[in-house]
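Please read the structure below before turning to the comments.
Because only heavy atoms are used, hydrogens play no part in the values below, and waters and symmetry mates are left out as well, while side chains stay in. Ligands are counted one by one from 1 in listed order, and the atoms in each one are counted from 1 as well. None of the values given here were measured: they were computed from a predicted structure.
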Amino acid sequence: MSVLTILDSVPTRLFIGGQWVQASDSATFPVVNPATGKVIAEVADATAADGEAALTAAANAQKAWAATSPRERANILAKAFDLVIEHRDELAAIITAEMGKPFAESVAEVNYGAEFLRWFAEETTHFAGRYSVAPDGRNRLMVHHRPVGPSLLITPWNFPLAMATRKVAPALAAGCTSVLKPAALTPLTALRFAELLQDAGVPAGVVNVVPTTQPGELTGPLLRDERLRKVSFTGSTAVGRAIIRDSAEQVLRVSMELGGNAPFLVFEDADLDAAIEGAMVAKLRNGGEACVAANRFLIHESIAEQFTSRLVKRMNEVTMGDGAQPETQLGPLIDEKSRTKVHSLVESAVLAGATLRTGGEILPGEGYFYPATVLTDIPAGAQILREEIFGPVAPITTFRSEEEAVSLANNSEYGLVCFAYTKDLNRTLRLAESLETGMLGINTGVVSNPAAPFGGVKQSGLGREGGAEGILEYLETVYVGISDPNER
Ligand code: SIN
């Protein structure tokens with residue numbers, strides 16, 4: 001099937017209460033392919049009234065969905081996993097067309113995203129409460145869990161499928177209904193995913209999808225609506241803060257996956273071949289448009305020049321182009337605004353004295369391309385070391401001791417992920433205890449795994465997605481105190 005045929009058949013209306021409907025004011029918005037700047041679809045633009053209709057559908061479906069058996073929910077999730085895998089190439093083509101990443105990476109995203117469905121299908125039936133004897137030997141303590149209730153799931157554009165499955169799957173597993181608001185830049189994948197969920201047997205109203213170009217107008221009233229019980233958001237720290245503020249009114253359960261500023265540490269004892277491979281993945285996966293992308297390369301001064309020249313060579317070999325072309329290894333950035341931001345971070349670092357070792361130049365032509373870029377000699381405190389770059393730019397700085405490396409790594413308001421290359425087990429354990437981070441990759445450039453708790457500390461967020469922890473975000477804990485059965 002050609003990409004055009006695939007795009008022609010993707011649903012473009014809102015998905016509310018099991019029906020595909022137009023926006024209440026019939027408005028639509030264009031979806032653009034970032035590799036060409038051309039419009040590939042017109043999608044219904046949900047209004048605040050549509051958001052409310054979606055929440056009504058979710059609230060009406062909540063009781064029946066919560067009453068389904070764990071096995072029933074597990075079977076539906078397992079079927080959804082099968083369908084996503086069956087439609088892998090089609091979903092990958094949609095992801096590449098609307099988000100720009102190379103097709104092979106889109107396929108990897110579909111595999112990654114599908115695994116959340118499988119993981120939570122398994123978690124559904126294995127989840128248990130507990131029964132214990134109180135320490136004084138008298139009362140009995142029973143703990144069980146109930147679904148939190150209707151949830152608002154707000155997903156970003158960088159992983160249009162995986163970020164949706166990472167939220168929808170645990171919500172479904174826990175017995176929660178939801179309103180999914182995908183990013184307006186990449187709504188098509190979420191709409192096609194909703195169709196597959198319907199085919200998998202998810203009942204009407206249990207998952208509703210409302211793309212919109214007016215996110216605040218749609219989500220604001222929902223966050224203040226007493227029928228909503230939870231919000232899960234992946235995106236920038238600035239928007240996350242605003243959502244946390246709005247959530248205070250109804251004291252909502254909140255999960256936040258926010259910004260990152262990942263340090264990538266290479267110690268003097270590291271396997272340099274492995275460190276270079278890891279650096280390429282940690283920097284160029286998703287074109288650097290990931291909150292877990294390596295943002296600051298901190299290299300021991302004794303190997304810094306060797307590391308830098310090898311990284312520059314590898315970055316120079318990267319083929320940039322339309323993600324739909326098989327040879328492409330680096331796609332475009334998502335839009336002009338992002339490209340301008342990335343370029344201005346590079347320009348301001350160079351103005352402050354940094355050396356451009358490769359890249360750093362916007363070439364003429366269609367699409368929002370930005371080349372793989374390496375910077376060295378960056379002055380301490382430069383903006384590029386403080387901000388999330390979200391692009392294929394590797395700023396390299398050096399350290400002299402482990403203590404200095406840890407202090408530099410921790411010198412950030414963020415604490416999502418750190419990467420470290422070392423062969424020293426004791427150092428690894430010291431890093432695990434001293435780095436202020438929610439996730440730590442040792443001798444690897446990727447930590448994301450549906451079976452592990454993804455999330456950050458400090459201003460990188462609240463809560464965890466995936467792993468055994470993921471389902472707890474959608475469950476209330478209920479404790480029942482029972483009098484001693486042996487008394488009287
Ligand atoms: C993100 O960038 O928000 C998620 C990346 C991942 O799951 O690996």
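Heavy-atom contacts of T234 reach the following atoms of ligand 1: 3 (O) (cutoff under 4.0 Å). Within ligand 1, counting atoms from 1 as listed, the ones closer than 4.0 Å to a heavy atom of R285 are 6 (C), 8 (O). Those atoms of ligand 1 with a heavy atom of A290 less than 4.0 angstrom away are 2 (O). Which parts of ligand 1 touch V292 is read off a 4.0 Å heavy-atom cut-off, strictly below it: atoms 5 (C), 8 (O). Annotation for ligand 1: atoms under 4.0 Å from non-hydrogen atoms of C291 are 1 (C), 2 (O), 3 (O), 4 (C). Within ligand 1, counting atoms from 1 as listed, the ones closer than 4.0 Å to a heavy atom of Y112 are 6 (C), 7 (O), 8 (O).
A donor-acceptor pair shorter than 3.5 Å cannot be found between the side chains of S178 and K230. For the residue pair T189 / E98, a side-chain donor-acceptor distance below 3.5 Å is found, with atom types taken as modelled.
For E289, no heavy-atom contact with ligand 1 is shorter than 4.0 Å. Under 4.0 angstrom from ligand 1, the non-hydrogen atoms of N158 all belong to its side chain.
Residue R166 places a heavy atom under 4.0 Å from ligand 1.
For the pair K423 and F267, the NZ or CZ position fails the cation-pi test of under 6.0 Å to the six-membered ring centre and within 45 degrees of the ring normal.
In this structure, F127 and H145 have perpendicular ring planes: the angle between them is above 60°, well past the 30° mark. Note: W157 and F390 have perpendicular aromatic rings, judged against thresholds of 30 and 60 degrees for the angle between ring planes.
For the pair K79 and D199, the salt-bridge criterion is not met [side-chain N within less than 4.0 Å of a carboxylate O]. Under a 4.0 Å N-O distance rule, the pair R386/E413 does not qualify as a salt bridge.
The residue among S448, G259, G235, P156 with a heavy atom at the shortest distance from atom 8 (O) of ligand 1 is S448.
Considering all non-hydrogen atoms of both residues, V210 and L14 come closest at CA-CD2, 4.4 Å.
At the top of the distance list for atom 5 (C) of ligand 1, counting protein heavy atoms only, stands F159 CE1, 3.5 Å.
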